[in-house]
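Notes follow once the structure below has been shown.
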Amino acid sequence: MIFSKNLINWYSNNKRNLPWRTTTNPYYIWLSEIILQQTQVKQGLPYYESFIANYPTVFDLANANENDVLKLWQGLGYYSRARNLHASAKYVATDLNGVFPNTYKDLLRLKGVGDYTASAIASICFNENTAVVDGNVYRVLSRYFGIDTPINSTKGQKEFKALAQELIDKKEPAAFNQAIMEFGAVQCRPKNPQCNICPFKDSCIAFNKNRINQLPVKIKNSKAKKRFFNFLVFVSEDGRTVIEKRKDKGIWQNLYQFPLIETTDEAKTKYIKERINSLELLKDETFELWLYNKDTIVHKLSHQHLHTRFWIVQTKTLALKGISLGEIKNFPVPILIGNFIESFNFE
DNA sequence: AAGTCGGGGTC
DNA sequence: GACCCAGACTT
């Protein structure tokens, strides 16, 4: 198909120089694809570099502690990716003797690897004829072919996957897949696409019907909910504080945080004081309480707005537990906590 | 089929 | 504010 040939041609002339494009080693390609899920290249790039530097082989990653893997992932978000990455590394290292699955079908068995990622690895590493459909592909195809089916509907997913599979260059699946994604990322962008210099503008339906800014169609998602977080930052005279691991399902699973009091609305100082008094941690210890951030920090996630306050709790000593202030930097924490630690400047 | 899971960036 | 990003998984 001429469209596919032109796309590959465009790619060979315009592709960015990226580190994972110099290898077909499935470990590195897999690593890059997991990191790049719902993540722009610019944001993922330094994480890719640090992962291959710290874990040059799948065995290194498999032998790591989950805490260390999460620490390296800190700030990238969607932390289930890191947990699944670690679990899959163990699976490949132990059950498969370090040899990656080499087909789309078998790759799908890895935790954290879905249709897109299995297609990407299978095509890039093993020349399998499986089309990738990511956000870029949805955009390029919906515009070029003028397709109105919502891309986040079941019907849309099937339709675009089938179309991409029809278009893929069977002799160069790796080049085609990367070409269509790169084209979407660099030229056929969500906002202000470069239609004026586009090699496909004569045949692009959206461009010729002046519908570029209407496509792709996407079903709107629900609004973010408000939550109110009160973190208790204990600081004892002997330089210790308290952190805890988030065990529950939900955001930030297996990351660490200061003891949290979640309320249904902006908490009053009196209420926080009462809650601290009821903690076993302090026994009969007296404490001084002050609010660190006068302005509530609103940390925005995709589906939640976290109205956050950091309460400093100064005491003489802490009953058992706790860590020294300097140790905090070894634990993986959400960026919300990390930013506080940096500004508070422990020790 | 609808929700959930982050953080950074653009407009 | 709304929307997007080399999506996957759970309910």
Side-chain angles (χ1 to χ4, degrees), chain A residues 11 15-16 18-21 29-48 70 73-85 87-88 107-121 123-124 131-140 150-158 160-161 164 174 176-186 188-193 213-225 227 246 248-255 298-306 332-339:
Chain A
Y11 181 60
K15 66 178 172 185
R16 292 169 289 181
L18 299 171
W20 47 84
R21 288 186 174 157
I29 298 300
W30 167 66
L31 210 43
S32 73
E33 293 299 346
I34 302 297
I35 287 172
L36 293 174
Q37 288 169 3
Q38 290 294 287
T39 304
Q40 295 194 342
V41 166
K42 185 181 174 187
Q43 189 186 3
L45 196 45
Y47 286 85
Y48 175 79
L70 285 170
W73 199 271
Q74 181 176 310
L76 196 55
Y78 284 159
Y79 296 94
S80 66
R81 289 184 293 171
R83 298 191 301 269
N84 288 335
L85 185 81
S88 290
L107 284 160
L108 275 180
R109 295 184 190 166
L110 301 179
K111 282 186 181 178
V113 174
D115 179 80
Y116 163 78
T117 305
S119 300
I121 300 173
S123 62
I124 294 171
V132 296
V133 183
D134 73 335
N136 294 306
V137 177
Y138 280 123
R139 187 169 54 255
V140 171
I151 61 174
N152 54 345
S153 65
T154 304
K155 182 164 179 273
Q157 286 171 26
K158 286 182 185 170
F160 283 96
K161 175 77 179 182
F176 174 83
N177 277 342
Q178 294 177 88
I180 191 168
M181 290 191 284
E182 186 78 345
F183 181 72
V186 172
C188 194
R189 300 180 301 216
K191 301 287 184 187
N192 300 325
N213 52 14
Q214 296 168 19
L215 294 172
V217 174
K218 195 170 184 179
I219 301 166
K220 296 205 192 314
N221 44 1
S222 52
K223 274 189 178 174
K225 294 182 172 68
R227 297 177 72 179
R246 291 182 66 95
D248 297 349
K249 301 278 185 187
I251 59 172
W252 304 332
Q253 189 180 8
N254 290 4
L255 273 64
V298 183
H299 186 70
K300 294 181 178 180
L301 308 180
S302 300
H303 297 287
Q304 304 179 22
H305 289 181
L306 309 177
V333 298
I335 205 64
L336 172 62
I337 304 288
N339 288 341

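Keep in mind the model is a prediction, meaning the values are calculated, not measured. Chain letters run A, B, ... following the sequence lines, proteins first and then strands; every chain starts at 1.
Rounded to whole angstrom, the span from the CD atom of Glu33(A) across to the C1' atom of dA8(C) amounts to 14 Å. What separates NZ of Lys223(A) from C1' of dA2(C) is a distance of 10 Å, to the nearest Å. As a whole-Å value, the separation of Asp134(A) CG from dC5(C) C1' is 9 Å. Atom P of nucleotide dC5(C) and atom CG of Asn136(A) are separated by 6 Å, given to the nearest angstrom. Atom CD in Glu182(A) sits roughly 10 Å away from atom C1' in dA6(C) (whole-Å rounding). Taking atom CG of Leu36(A) as the reference point, atom P of dA8(C) lies 12 Å away to the nearest angstrom. Here dC9(C) presents its C1' atom at 18 Å from OH of Tyr116(A), a figure rounded to the nearest Å. The nearest whole Å value for the distance from the CD1 atom in Ile121(A) to the P atom in dG7(C) is 13 Å.
Residue Trp73(A) is classed as having no contact, given no heavy-atom separation below 4.0 Å to the nucleic acid. Here Arg16(A) lies out of heavy-atom contact (under 4.0 Å) with every strand. Nucleic acid contact for Val113(A): sugar-phosphate only, since backbone atoms but no base atoms lie under 4.0 Å from a heavy atom of the residue. Counting non-hydrogen atoms under 4.0 angstrom, Val137(A) reaches nothing in the nucleic acid.
Between Trp30(A) and Ser88(A) there is a side-chain heavy-atom pair separated by less than 4.5 Å.
Separation of the C1' atoms belonging to dG6(B) and dC4(C) is 13 Å when rounded to the nearest angstrom. dA1(B) sits 23 Å from dC5(C) when the C1' atoms are compared, rounded to a whole Å. One P atom belongs to dA8(C), the other to dG8(B), and the distance between them is 22 Å to the nearest Å.
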Checklist outcome for this item: Contact string for nucleotides 1-11 of chain B, one letter per nucleotide 5' to 3', B = base within protein heavy-atom range under 4.0 Å, S = sugar-phosphate only, - = neither, reads S--BBBBS--S

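In this model, a donor atom of one side chain and an acceptor atom of the other lie less than 3.5 Å apart for Gln253(A) and Arg83(A). Between the side chains of Gln37(A) and Tyr116(A), no donor-acceptor pair of N or O atoms lies under 3.5 Å.
Judged by distance alone, with hydrogens and angles left aside, the side-chain atoms of Arg81(A) form a donor-acceptor pair with the main-chain N or O of Leu76(A) at under 3.5 Å. The backbone N or O of Cys188(A) lies less than 3.5 Å from a partner atom in the side chain of Arg139(A), making a donor-acceptor pair. Side-chain atoms of Lys161(A) come within 3.5 Å of backbone atoms of Ala131(A) as a donor-acceptor pair (strictly under, hydrogens ignored).
Thr117(A) has a side-chain polar atom (N or O) that falls below the 4.0 Å cut-off from OP1 or OP2 of dA8(C).
Comparing Tyr11(A) and Lys220(A) by the nucleotide of DNA chain C whose heavy atom lies nearest to each, the residue mapping closer to the 5' end is Lys220(A).
The 12-atom threshold is not exceeded at NZ of Lys111(A), counting heavy atoms of other residues, nucleotides or ligands nearer than 6.0 Å.
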